[in-house]
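Below, each value reflects all heavy atoms present in this structure, side chains not excepted, and no hydrogens, waters or symmetry copies. As the structure lists them, so they are numbered: ligands from 1, and atoms in each ligand from 1.
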Amino acid sequence: MVLAELGRKITDALKSLNNATIINEDVLNNLLKEICSALIQSDVNIRLVKQLRENVLATIDFDEMAGGLNKRRMIQSTVFRELVKLVDPGVNPFVPVKGRPNVIMFVGLQGSGKTTTCTKLAYYYMRKGWKTCLVCADTFRAGAFDQVRQNCTKARIPFYGSYTEVDPVVIALDGVEKFKKENFEIIIIDTSGRHKQEDSLFEEMLQISNVCKPDNIIFVMDASIGQACESQARAFKDKVDVGSVIVTKLDGHAKGGGALSAVAATKSPIIFIGTGEHIDNFEEFKTKPFISKLLGMGDIEGLIEKVNDLNMKDNEALIEKLKHGHFTLRDMYEQFQNVRKMGPMSQIMSMLPGFNSDILTKGGEQESMARLKRLMTIMDSMTDRELDSLDGNKLFTKEPGRMIRVARGAGVMEVEVKELLNQYAKFSQMVKKMGGMKGLFKGGDMSKNVNQMQMTQLNQHMAKMMDPRVLQHMGGLKGLESMMKQLQQGGGGPLGKGLFN
Ligand code: GDP
Ligand code: MG
């Protein structure tokens, strides 16, 4: 299971709590079963998964808790905390000091991404204004120095290496001493790897470490090796004093769970992750934001899926209705429910390129969500006939007594019911227009069937039918348009290129 999918599974499981009428031990056990099986399928070590489960169970005491809301929140935040613990060894990473040499040595197996990552890290510090350089102490792999030379030349990073010297220990020490004399602040040593964990590799690693006395040793781990990460991390940690970890290849189809939770074995924090071959595919790693993003990712994937679903077979009933321009109050209710299920809007929005998170201020988002909830409460007081009528609005205007009844049932003013019905009228008008667009619902992919003009038209309709306050929070019509585009382009699957790159 790739990370995005893991995030979605866990998010779904946590959200299912919101729909449960009672929260008891059975519900918790089921929730944990789902989360744990997702974690295991993502290659997280079984022992750690078991630990997580036990920790949650030990924290949640049903006898002591009162009130459904409280229980939900308790469970959700406990699970979140435990997930953070999985990737957080509770150790602070090494922080380089300005104005003096900081020697950073890389270790890891061949092919794990050391050389690539050395360049990425050097580039990262260089852009932040540190005097940065790279030493190539890999004499094992043919062409290793050429690779460093090429990378560094492209990124304009000063480098040191040798075509003639065969002892990596000598090269490392020469390079470090030279750069120290030249007052470099970040001196990165790239070392060789072997295909397996071999004594000769560890021997060489130890020697370089002993003579160069690095301030930090970074262990580079390839996420795609899954469960094997843990024993590998442990083997390296046993030999040298690994201070931090960088997990590479977290793009593509790596399951990632194994690598991320291997921090438990190294007891050293992950400081960066590599998400591609390019020098920019490098992200700082912080546990809490990572887990939030992971769970938010579930949302965004879900969001894309929802949009795709709307075009696809799963929603045939709705599509059939839309084709005929039919849209009931119940359909609207269900759409609102979907929006609410998708979770905090700003979290989703902030992940879409072109949106920055302050478009949706926190207060604004809460307001929008609260408003949606209020509208749904009103609809909860409607009868089936009202909800399923093809022209619910008419039903209410013909028999105004219904309005009074619903307002009373929902505990709101009549004028609010009226506003809701207005909103619904706009929605259903829009659906009628969509139903009239030829070929819109043919085949699966809506974006392929709509030409640019129709798309613009559709967006304008969308904008009209949305609550202006919500629309405003989303950056106005322009924002909505670009969001629609992003969604259509980005629907390519986990970490779809259009979304994150
Ligand atoms: P080394 O043997 O440990 O020095 O590994 P290299 O730096 O030479 O990398 C081995 C391969 O992995 C190269 O083809 C890199 O382009 C690739 N690579 C490194 N990091 C990443 C990453 O984060 N994502 C992807 N997709 N490829 C990576
Ligand atoms: Mg290398």
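A donor-acceptor pair shorter than 3.5 Å can be found between the side chains of N55 and Q51.
Atom 27 (N) of ligand 1 has E277 CG, 3.3 Å as its closest protein atom, hydrogens excluded (heavy atom only). The shortest contact between atom 5 (O) of ligand 1 and any protein heavy atom is with G113 N, 3.0 Å.
Looking at L250 against ligand 1, nothing comes within 4.0 Å, counting heavy atoms.
In terms of N/O distances under 3.5 Å, ligand 1 is approached by T116. Taking distance alone, with nitrogen or oxygen atoms compared against 3.5 Å, K249 approaches ligand 1 more closely than that limit. Considering backbone and side-chain atoms together, Q147 places an N or O closer than 3.5 Å to an N or O of ligand 1. Below 3.5 Å of separation, one finds no N or O of Q110 facing any N or O of ligand 1.
Residue-ligand proximity: G111 is placed with a non-hydrogen atom under 4.0 Å from ligand 1. At least one heavy atom of L109 sits closer than 4.0 Å to an atom of ligand 1. For the ligand labelled ligand 1, residue D251 lies inside the 4.0 Å heavy-atom shell. Under the 4.0 angstrom criterion for non-hydrogen atoms, G276 is in contact with ligand 1.
Between P96 and W130, the closest side-chain pair of non-hydrogen atoms falls below 4.5 Å.
Using a cut-off of 4.0 Å between Lys/Arg side-chain N and Asp/Glu carboxylate O, K85 and E82 are scored as salt-bridged. Salt-bridge annotation for D280 and R127: present, with a side-chain N of the basic residue lying under 4.0 Å from a carboxylate O of the acidic one. Contact check on E230 versus R234 returns a salt bridge, with a Lys/Arg side-chain nitrogen under 4.0 Å from an Asp/Glu carboxylate oxygen.
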task = I would like to know whether N29 and R53 meet side chain to side chain contact (heavy atoms under 4.5 Å, CB included); could you show each step before the answer?
result = CA-CA 9 Å; N29 276 323; R53 190 174 164 274; 3.9 Å; yes
Side chain to side chain contact (heavy atoms under 4.5 Å, CB included) evaluation trace for T116 with T248 = CA-CA 9 Å; T116 313; T248 60; over 6 Å; no
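A ring-centre distance under 6.0 Å is not found for Y123 and F282.
Using a 4.0 Å cut-off to heavy atoms of T275, the atoms of ligand 1 that qualify are 23 (O). Taking a cut-off of under 4.0 Å to the non-hydrogen atoms of G274, the atoms of ligand 1 that pass are 23 (O).
Taking each of R141, K120, K114 in turn, the one with a heavy atom nearest to atom 2 (O) of ligand 1 proves to be R141.
The backbone N or O of E185 sits nowhere less than 3.5 Å from a side-chain atom of K131 that would complete a donor-acceptor pair.
Residue F179 forms a side chain to side chain contact (heavy atoms under 4.5 Å, CB included) with just one option from T132, V103, I187, and that option is I187.
Residue T115: an N/O/S atom is found under 2.8 Å from the Mg ion (ligand 2).
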